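Heads up: the structure comes next, in structure tokens.
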Amino acid sequence: MQDRPDLQSMLFAVAAFLEREAVPATADPSVAFRLRIAAHLCAMGAREVHHEGQDDAADLDALEALVGEAPLAPAERRDRVARRQAIRMLERRLGEQIDADEDDAAASADALQAMLGRRLRVANPRFDLREDLP
């Protein structure tokens with residue numbers, strides 16, 4: 001039996017090939033642009049695979065604290081699909097709470113900014129969230 005690379009490694013390898021070899025070898029600018037998009041999507045998928053377990057857990061913890069509800073049993077928290085469904089449900093509930101009481105928005109701002117930072121790190125790891133930016 002041969003061990004294969006993990007999904008994160010495979011996605012980063014495809015992204016590197018597209019960016020370093022396929023794009024420079026492509027004469028058509030529209031095809032090169034689509035290849036760069038494909039490379040970006042592969043790299044983004046690799047970062048998501050790398051961070052998803054800990055990011056989901058942190059988002060779930062933050063949302064449970066903000067909403068005051070814990071929809072998953074400890075064993076269910078290990079299930080990726082259940083975790084993602086719970087996160088979406090808690091996001092909707094938090095939105096409803098904020099709509100009903102604007103004070104919840106101010107109390108939730110730090111936790112929501114941290115969640116946004118985790119998501120942006122996956123989409124673009126160079127994105128700068130510092131508050132002192134103009």
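Basis for what follows: all heavy atoms, side chains included, without hydrogens, waters or symmetry-related copies. The shown structure was predicted, so the numbers you read here are calculated from the model rather than taken from an experiment.
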Q) What is the distance from atom OG of Ser108 to atom CG of Leu63, rounded to the nearest 0.5 Å? A) 9.0 Å
(Q) I need the minimum non-hydrogen distance between Arg47 and Val122, along with the two atoms involved. (A) NE-O, 2.7 Å
Q: Check whether Leu112 and Leu90 end up in the same hydrophobic cluster, where Ile, Leu, Val, Met, Phe, Trp and Tyr are linked by side-chain heavy atoms less than 4.5 Å apart.
A: yes
(Q) Working note: Leu94 + Ile98, criterion side chain to side chain contact (heavy atoms under 4.5 Å, CB included); need CA distance, chi angles, decisive distance, verdict. (A) CA-CA 6 Å; Leu94 179 60; Ile98 290 171; 3.9 Å; yes
(Q) Can you give me the closest heavy-atom contact between Ala32 and Val23, atom names plus distance? (A) O-CG2, 3.8 Å
**Q.** For the student: nearest non-hydrogen atoms of Phe12 and Ala43, plus distance
**A.** CE2-O, 3.9 Å
Q. Rounded to the nearest 0.5 Å, how far does NE2 of His50 lie from OG of Ser9?
A. 11.0 Å
Q.
Taking side chain to side chain donor-acceptor pair (under 3.5 Å) as the cut-off, I'd like each qualifying pair that reaches into residues 60-69, sequence neighbours left out, listed once.
A. Asp61-Arg77, Glu64-Arg77, Glu69-Arg93
Q. Under a 4.5 Å side-chain heavy-atom rule over Ile, Leu, Val, Met, Phe, Trp and Tyr, are Leu35 and Phe17 clustered together?
A. yes
Q) Nearest heavy-atom pair of Leu11 and Gly45: which atoms, and what distance? A) CD1-C, 3.6 Å
Q. Any side-chain heavy-atom pair from Met10 and Arg4 closer than 4.5 angstrom?
A. yes
Q. Any side-chain heavy-atom pair from Arg119 and Met115 closer than 4.5 angstrom?
A. yes
Q: Could you walk me through whether Thr26 and Asp28 pass side-chain hydrogen bond (donor to acceptor under 3.5 Å, both in side chains), step by step?
A: CA-CA 6 Å; Thr26 303; Asp28 185 337; over 6 Å; no
Q | Minimum heavy-atom distance Leu18-Pro24, with the two atoms named | A | O-CD, 4.4 Å
(Q) Could you check whether atom CZ of Arg78 has more than 12 heavy atoms from other residues, nucleotides or ligands sitting under 6.0 Å from it? (A) no
Q: Determine whether Leu120 and Leu41 fall in the same hydrophobic cluster, where Ile, Leu, Val, Met, Phe, Trp and Tyr are linked whenever their side-chain heavy atoms lie under 4.5 Å apart.
A: no
Q: Could you pull out the closest heavy-atom pair between Ala86 and Pro71, with the gap in Å?
A: CB-CG, 3.9 Å
Q) Is any side-chain heavy atom of Glu52 less than 4.5 Å from a side-chain heavy atom of Arg84? A) yes
Q. Do the non-hydrogen side-chain atoms of Arg121 and His51 ever get within less than 4.5 Å of each other?
A. yes
Q) Checking Glu76 side chain against Ala73 main chain: does a donor-acceptor pair fall under 3.5 Å? A) yes
Q) Can you tell me how far the CE atom of Met89 sits from the CZ atom of Arg92, to the nearest 0.5 Å? A) 7.5 Å
Q) Any side-chain heavy atom of Glu19 sitting closer than 4.5 Å to one from Arg36? A) yes
Q: Determine whether Phe33 and Met44 fall in the same hydrophobic cluster, where Ile, Leu, Val, Met, Phe, Trp and Tyr are linked whenever their side-chain heavy atoms lie under 4.5 Å apart.
A: yes
**Q.** Option from Asp59, Asp56, Asp55 for which salt bridge (charged side-chain N to carboxylate O under 4.0 Å, His left out) with Arg83 holds
**A.** Asp56
